[in-house]
Amino acid sequence: MRNTEKFLREKSYLYRKRFIELFSGFGFGHLTSAFSWAEIATVLYWEFININNDNIKTDQDKLFVSKGHGVGILFPVFEDLGLITGNMEDIVRIGGDNTRIRDLVYPGWDFYGGSLGIGLGMAAGMAKGNQLSGSQANVYCIVGDAETYEGSIWEAINFAGHQKLSNLIVILDRNRLGVTDFTENMLKIEPISDRWHSFGWETKEINGHDVKEIYGALVECLTSKSVKPKCIVANTKKGYGLDYVIDKPLMHGYIPKGDEIEKALRELKK
Amino acid sequence: MVMKTKTARDMFFSTIYEMIKNGEDIYLVTADLAAPSLDELRIKYPEHYISVGISEQNLVAVASGLALSGHKVIAYGLLPFVVTRAFDQIRCVMSELDIPITLCGLNCGLSSAEAGYTHVSIEDLGMLNMLPNIQTYTPSDISISGKIAEETMENNHPRVVRFDKAVNYQIYDETTEIVNGFHVYHVDNNGKILIISSGSHIKMLRHILDLYHKDNNSDLGLMDIFRVPFNESKFIEIIRRYEKVLVVEENSLHGGLSTRVLEILNDNSIHMQMVRNGIDTSKGWFDVYTDRQYIRSFNRIDKENIVMTIDTMLRGSII
């Protein structure tokens, strides 16, 4: 690792804190979905994806945020890396310019919405395109566990497995919560690793909040000799870092407002 | 020069094949739909032929990702499914992100009417008309189809091409320009009725106009709209030469070609009588087995009814 575990954990905390500051002012935000993958985003951008202002458009690793509503956590990451400059509070507001984020986030949707079930297919298409042109660039894709209810996800999984897209690495944010209920109450998706595996993928389960495990799993993917695409099933908690929202259904669109902002900042766990 | 290729679809793919043979960086992604013109591509350049199986949503997503990685991409599947089923991907990705892929759909309009409503593609034009950045083509002959294919390498915006299996002839020659998105036939400086149509209707309508002109009736002109959006200022210049307009289409009356014409007339304060003959689904679909001819006749877009409509409009009677 280029950075220490402590460094990466602190960054994750700071990004959650900044998320609260930015999006509570905006009034919208999928806090719980953003917080569930904060460590993953931190490790990806600090250890693997070497993006800077000179190489955004050129041949280098890309991350597709298929669970688009979770993209908000990347705003503090990009701000910290100097990829979004200027006053963030002036950007993240109604009427604020969203063009920069479109350059940085794949597939380039304008904000934290996106349409579920689409990003993985695009990531697979890009991975295939990279293979065809002989590029060494990898394609990462963050997929939500409840997002896998969308049939188009399985179309993409099937395609990637058949095409042996070894340069495609999916991180499945397995926070076990959809919007209204836990996944295993609504529509079971376990055994999730076996399902991906049966479609021709390599899978590995990790603690999605442990930066060392995240790093180790990604290294394993990148050094693997297998021609299969890789899926890291990252066990996470929706809203991780803020105890009062963890494991609570119907907190999908939650963002602190008014007095709650102080409370959230105070209770945010390091 | 008369081309040997059979259909508009085959002309398109033959042209693409030649471009790939010449080293162009073009890839075809197909939703398990083949064509005689693709057989050689599959064998000789298999790496340029990628199948996603029957999965239209994945077709558009994968094609878009492939294009984002720097390649030119043709996606191919069956209408209406490539539009109706993959509309979210077309909307959020192709259109909103302005990704320059060419999505080809076979069997537009009533091409497969005998297969029932599910295989009838009459709403797709209206759906696509609502989206920014997308150009939708309905080639009326094989030469237009070939020209659309030739544009692929210069194309910087998303396109949808709707092939009709009945279009297996050549109307235009190689000098025909497609830049305005339409072509006119027997259009004079002033006339009574401008007929606007597209696709497989054009050949029939040209024949009808020839008959009228043979009878020294030069009150009719024809506009073949093979691309939407088209050059509106040129369109307005031509339509102003006429008293009335008749739109004949194999699309739903709600949102199809005639809706687009109505919008332009209204937005430019052009007042003229307009008759719209298209597919009326306001009372639902049919309770009987149908085919193209049956549905055309029912909706007054077959030859006999079109001539009756024209005669009525020429007499000045109300339709």
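All chains are named by letter (A, B, ...) in the order of the sequence lines, taking the proteins before the strands, and each is independently numbered beginning at 1.
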Of the listed Val29(B), Leu68(B), Ile50(B), Asn58(B), the one with the largest count of heavy-atom pairs under 4.5 Å with chain A is Asn58(B)
Heavy-atom cut-off 4.5 Å, strictly under: side chain, backbone, both or neither for Ala156(A) against chain B?
both
Asp25(B) bridged to Lys72(B) by N-O distance under 4.0 Å
no
Are Asp61(A) and Asn50(A) close enough, and set up right, to give a side-chain contact (heavy atoms from CB on, under 4.5 Å), and what steps lead you there?
CA-CA 7 Å; Asp61(A) 295 349; Asn50(A) 179 25; over 6 Å; no
Heavy-atom pairs under 4.5 Å with chain A - which of Glu47(B), Arg91(B), Gln57(B) has more of them than the others?
Gln57(B)
May I ask you to decide if the ring planes of Tyr27(B) and His48(B) are parallel, tilted or perpendicular, using 30° and 60° as cut-offs?
parallel
Testing the 3.5 Å rule here: is there a donor-acceptor pair between the side chains of His157(B) and Asp98(B)?
yes
Max heavy-atom pairs within cutoff under 4.5 Å with chain B, candidates Ser152(A), Ala137(A), Gly129(A), goes to Gly129(A)
